[in-house]
S.K.: 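There's a structure below that I have some questions on.
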Amino acid sequence: MSQFTALKGLVSLVTGGASGLGRATVERFSKLGSRVILCDLPSSEGQQVASKLDNCVYLPANITSEDEVKEMLKTVLKDYNSLNVLVNCAGIGVARKTYNIHKNLPHPLEEFERVLQVNVMGTFNVVRQAAVLMAQNQPNEDNARGVVINTSSVAAFDGQMGQVAYSASKAAIAGMTLPLARDLGEFGIRVCTICPGVFDTPLLAALPKKAIDALTNSVVFPKRLGNPDEFAQMCQTIVENPYLNGETIRLDGALRMV
Ligand SMILES: NC(=O)c1ccc[n+]([C@@H]2O[C@H](COP(=O)([O-])OP(=O)(O)OC[C@H]3O[C@@H](n4cnc5c(N)ncnc54)[C@H](O)[C@@H]3O)[C@@H](O)[C@H]2O)c1
């Protein structure tokens, strides 16, 4: 069996791994025998999550920091000697309209910048530094060295009112997919992006019940929120299918937000 047709034994790094979609990915990958590095903010529950799993360690880092990501990857290289899979789940959202007529205020620029900073710059920061490690791997018989999976959102295409910053950031992540795949293909690194619909995670639980019910109702089938493990299953599929590359995949039960 070639190096990337099974997760067993691979070294996987999951950002945002302490919660929601990232946590489900960490859990599934650990069960499948991958050696997992859970990266999340120092304030997260990363340590508690990692300590319950086999072959999982928590390395705190803010993905927007060049130095923190560099240090974290230095530890990965020292302790594991390689990195095969990167799943970028760390991300934030904000609900704010471009213009608030009641307060006569435009969208604060710093809030827009913060969402772009974490979701776009943070994701890219980890990819570009992880690529340095992956490019050093011994290639398998298919010349493959690594897999990168980024997390966008259906909001990249069907952004709703109040999602201008979030949608812009998620569209940027989708837009990076092909150029990243082209840049990194020569090193045997594949890059895919997942666009989740509405998944049952702490990020979504922060919404009022009425909003969650409305979102659930707009899913075609199955008419329910996505289970975070279904996201993790898609990550597994991307790792295991060596011909998936440069693709942005909606995972949304045919949800189209209007
Ligand atoms: N839940 C959904 O329905 C849904 C839908 C579409 C897209 N997404 C995307 O999926 C990703 C995961 O979402 P989730 O629902 O699991 O959210 P979540 O809030 O449960 O988890 C996000 C994790 O990212 C971490 N994080 C945030 N900023 C960070 C930073 N600067 N450095 C390191 N870690 C950081 C948080 O601490 C948290 O543990 C996000 O990018 C989100 O936009 C989620």
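Counting starts at 1 for both ligands and their atoms, following the listed order.
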S.K.: Check side-chain contact (heavy atoms from CB on, under 4.5 Å) between L41 and all other residues, then give those that pass, not counting sequence neighbours.
M.R.: S43, N62
S.K.: If the threshold is 4.0 Å, N to carboxylate O, is there a salt bridge linking R250 and D158?
M.R.: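 Answer for the salt bridge query: yes.
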S.K.: Can R23 and E27 be said to form a salt bridge (charged side-chain N to carboxylate O under 4.0 Å, His left out), step by step?
M.R.: CA-CA 6 Å; R23 179 175 179 165; E27 289 171 349; 3.0 Å; yes
S.K.: For the pair V219 and R224, evaluate side-chain contact (heavy atoms from CB on, under 4.5 Å) and give the outcome as yes or no after the intermediate values.
M.R.: CA-CA 7 Å; V219 181; R224 59 169 173 76; over 6 Å; no
S.K.: K74 side chain to K70 main-chain N or O, any donor-acceptor pair under 3.5 Å?
M.R.: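 Not a single qualifying donor-acceptor pair exists.
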S.K.: After noting the C-alpha distance and the side-chain angles of V126 and V148, does the key distance pass the side-chain contact (heavy atoms from CB on, under 4.5 Å) rule?
M.R.: CA-CA 10 Å; V126 185; V148 173; over 6 Å; no
S.K.: With a 4.0 angstrom cut-off on heavy atoms, strictly below it, pick out the residues next to ligand 1 and order them by chain and number.
M.R.: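 Lining ligand 1: G16, S19, G20, L21, D40, L41, A61, N62, I63, C89, A90, G91, I92, V118, T151, S152, S153, Y166, K170, P196, G197, V198, F199, T201, P202, L203.
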